[in-house]
Amino acid sequence: MGDRDRLALGLLGRPHGLHGEIALRAFDPDGRGLSAVTLPIEVDLVYLAGRRRETLVVARRSPDGWQVRFRGVDSREAAAALTKARLEVARALMPPLHEGEFYVADLIGATVLGMDEQELGVVESLYWNGAQDVMVVRGQGGAELMIPAVPAYLRRFDESAMRAWVEVP
């Protein structure tokens, strides 16, 4: 599968309890992506050094986000070894999007325009700054813009044309 075939749902945090559960900070604050999948489900855990396939067997809401558990991970120590991994699922397993919705990952490669139609560059990558997704836009001459991917700045996205209109901060 290519990168466009998978979607990141969140980052694994610290272990929870003694029996292999671990905190998950979902990228979608409402956790709709995680609550929509039927468990058990095959997921990828992505690290700087590579990825590994696991089976997600428990995903439950908690006051701080989500608590998850993987098949065969049955101790606090085993869960701790998963800390800082990005959890990804196959896009095909996600529910259909509503009119006007899109996955933030689909912004990569989009041409970015100001509200005045001036071309600002292309979305090169995205990162999570702890509060929101941020688009890294590479302009002509190598200039780099970082624009929050939130409605106050990202005003419109036409996925079929791969064009995004932004209000420049």
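Small disclaimer: the values here were computed from a predicted structure and weren't measured.
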Shortest non-hydrogen contact from Ala81 toward Tyr47 | O-OH, 3.8 Å

Taking side chain to side chain contact (heavy atoms under 4.5 Å, CB included) as the test, write out the residues that go with Thr55, two or more places apart.
-> Pro40, Glu42, Val57, Arg71

Test side-chain contact (heavy atoms from CB on, under 4.5 Å) applied to Asn129 and Met146, step by step = CA-CA 11 Å; Asn129 71 3; Met146 294 185 194; over 6 Å; no

Count the heavy atoms belonging to other residues, nucleotides or ligands that lie under 6.0 Å from CZ of Arg14, then report whether that count exceeds 12.
-> no

Out of curiosity, Arg53 CZ to Glu88 CD, how far, rounded to the nearest 0.5 Å?
-> 10.0 Å

Using a 4.5 Å side-chain heavy-atom cut-off and chaining through intermediate ILVMFWY residues, the residues clustered with Leu18 come out as none

Evaluation steps, side-chain contact (heavy atoms from CB on, under 4.5 Å), between Leu24 and Ile22 | CA-CA 7 Å; Leu24 174 74; Ile22 187 167; over 6 Å; no

Heavy-atom pair with the smallest gap, counting every atom of Arg69 and Gly20 | CG-O, 3.6 Å

Give the C-alpha distance, both sets of side-chain angles, the deciding distance and a yes or no for side-chain contact (heavy atoms from CB on, under 4.5 Å) between Arg138 and Glu144.
-> CA-CA 5 Å; Arg138 183 74 56 192; Glu144 186 176 82; 3.0 Å; yes

Heavy atoms of Pro148 and Gln132 approach each other most closely as CB-NE2, 3.6 Å

Flag, side chain of Asp116 to backbone of Gln118, donor-acceptor distance under 3.5 Å | yes

Out of Leu56, Val73, Val43, which residue meets the side-chain contact (heavy atoms from CB on, under 4.5 Å) rule with Val68?
-> Leu56

Could you tell me the separation between the OG1 atom of Thr83 and the CG atom of Leu45, rounded to the nearest 0.5 Å?
-> 11.0 Å

Does the Ser75 side chain pair with the main chain of His19, one donor and one acceptor, at a distance under 3.5 Å?
-> no

Exam field: side chain Arg76 to backbone Gly17, donor-acceptor pair closer than 3.5 Å = yes

Does Glu101 have any side-chain hydrogen bond (donor to acceptor under 3.5 Å, both in side chains) partners at least two apart in sequence or in another chain, and if so, which?
-> Arg32, His98

Compare every heavy atom of Leu11 with every heavy atom of Lys84, then report the nearest pair and how far apart it is.
-> O-CD2, 4.4 Å

Gap separating the CZ atom of Arg61 from the CH2 atom of Trp66, nearest 0.5 angstrom = 4.5 Å

Considering all heavy atoms of both residues, which atom of Ala149 and which atom of Leu107 are nearest to each other, and what is their separation?
-> CB-CD1, 4.3 Å

Which pair of non-hydrogen atoms, one from Met94 and one from Leu7, has the smallest distance, and what is that distance?
-> CG-CD1, 3.8 Å

Supply the atom-to-atom distance Leu120 CG to Gln140 CD, rounded to the nearest 0.5 angstrom.
-> 10.5 Å

So among Asp133, Val150, Val134, which one has a side-chain contact (heavy atoms from CB on, under 4.5 Å) with Val104?
-> Asp133

